[in-house]
Amino acid sequence: MPHSQMTITHFIIEQQRRFGGSGNLSMLLNDVVTACKMISNQVNHGALVGALGSLDSENVQGETQKKLDVLSNEYFIDHTQYGGHLMAMASEEMDDIYPIPEEFPKGHYLLTFDPLDGSSNIDVNVSVGTIFSILRAPTGKIGVTKEDFLQPGTEQVCAGYALYGPSTMLVLTTGQGVFGFTLDQNVGEFLLTHPSMRIPEETSEFAINMSRSRFWEPPVRRYVEECVAGKEGPRASDFNMRWIASMVAEVHRILTRGGVFMYPIDDKIRDSGGKLRLLYEANPMSFIVEQAGGMSITGRERIMEMKPRSLHQRVPVILGSRTEVQRIADYHTES
Ligand code: P6P
């Protein structure tokens, strides 16, 4: 079957046959894909289904929850808890882990996810996304605890995101490259449209929230100022800037045309460790970026090698085109 018409279901089964596997991961992934389709449907209907706006509740991050945040979280639970492939899941929207209920069979995996990342954009109709990561569940023990989720990013079995933009796309890796699928709304299937995505090593585009510049550490300030100085500056080249305030959209742009995304540590968020969460934002995106030939660091270390200390731990994130991220790492070392 020509690649352009290969469904994600067909692709997942092919990957399973090529790299071995019992089929549990394939079936779990298919359940995740269904959850993303359900979220896409809600997001695409926006105000038509009364799902926009905020609730008067806050999530564990202390952020006001959007109706779609809660709905998306419920879709993930409803479509993945019954299949028998998971022992538990963890979400940005839930304080504690969610062990699979007694009435359902248990499986070999743990699932972490941010069901609707960038949801502050939802009411202004700007792209948002879902991020997910699959880890191996512990063996040889009864039950599952938070500690079982605290695995370094290098232990991830699979990572992916759905981007609800002009088209809905799903991008994933199982450690053998990065593959992109576009949702054919008429068929209701994701079709393989971007086999083997690679991040260009060089770039002239950076993404950072410039309104925080007064809080930045010297290496970040130096890097951004040199980019802004353009042809007349030390880089002797002009740079472009983007900031969508939706990590999934930023990462997808970088996967497509290169770039650097930075949410570094700064004086204002130093006490909380950063802005983005390690388990269900930084680690899955780092797995994808590294598999596409890019680099993902905190500024001082490789994100995927960090040993998580807590379920909702926040970390600084600097990721994207290898040459530029390496330059930023060098500036941190020099300072
Ligand atoms: P700021 C969205 O809330 C998010 O977690 C990421 O998707 C995004 O990159 C970042 O925060 C935006 O942060 O401070 O610009 O609103």
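Both ligands and their constituent atoms are indexed starting at 1 by order of listing. FYI, the numbering just counts along the sequence from 1.
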> Is any NZ, NE, NH1 or NH2 atom of the basic residue among Arg18 and Glu14 found under 4.0 Å from an Asp or Glu carboxylate oxygen of the other?
Replying inline: yes

> Taking 4.0 angstrom as the limit, do Lys141 and Asp148 come out as a salt bridge?
Replying inline: yes

>> Strictly by ring pair (Phe, Tyr, Trp, His ring centres under 6.0 Å), give each pair with a member in residues 310-335 just once, sequence neighbours left out.
In response: Tyr280-His312

>> Can you list everything that forms a side chain to side chain donor-acceptor pair (under 3.5 Å) with Glu92? Sequence neighbours excluded, please.
In response: Arg277

>> By the ring pair (Phe, Tyr, Trp, His ring centres under 6.0 Å) test, which pairs, at least two apart or in different chains, include something from residues 133-188?
In response: Phe11-Phe179, Phe11-Phe181, Tyr161-His252

>> I need the contact residues for ligand 1: any residue with a non-hydrogen atom closer than 4.0 Å to the ligand, ordered by chain then number.
In response: Asp117, Gly118, Asn209, Trp243, Ala245, Ser246, Met247, Phe261, Tyr263, Lys275, Leu276, Arg277, Glu281

> Using 4.0 Å as the upper bound for N to carboxylate O, is an ion pair formed by Arg253 and Glu250?
Replying inline: yes

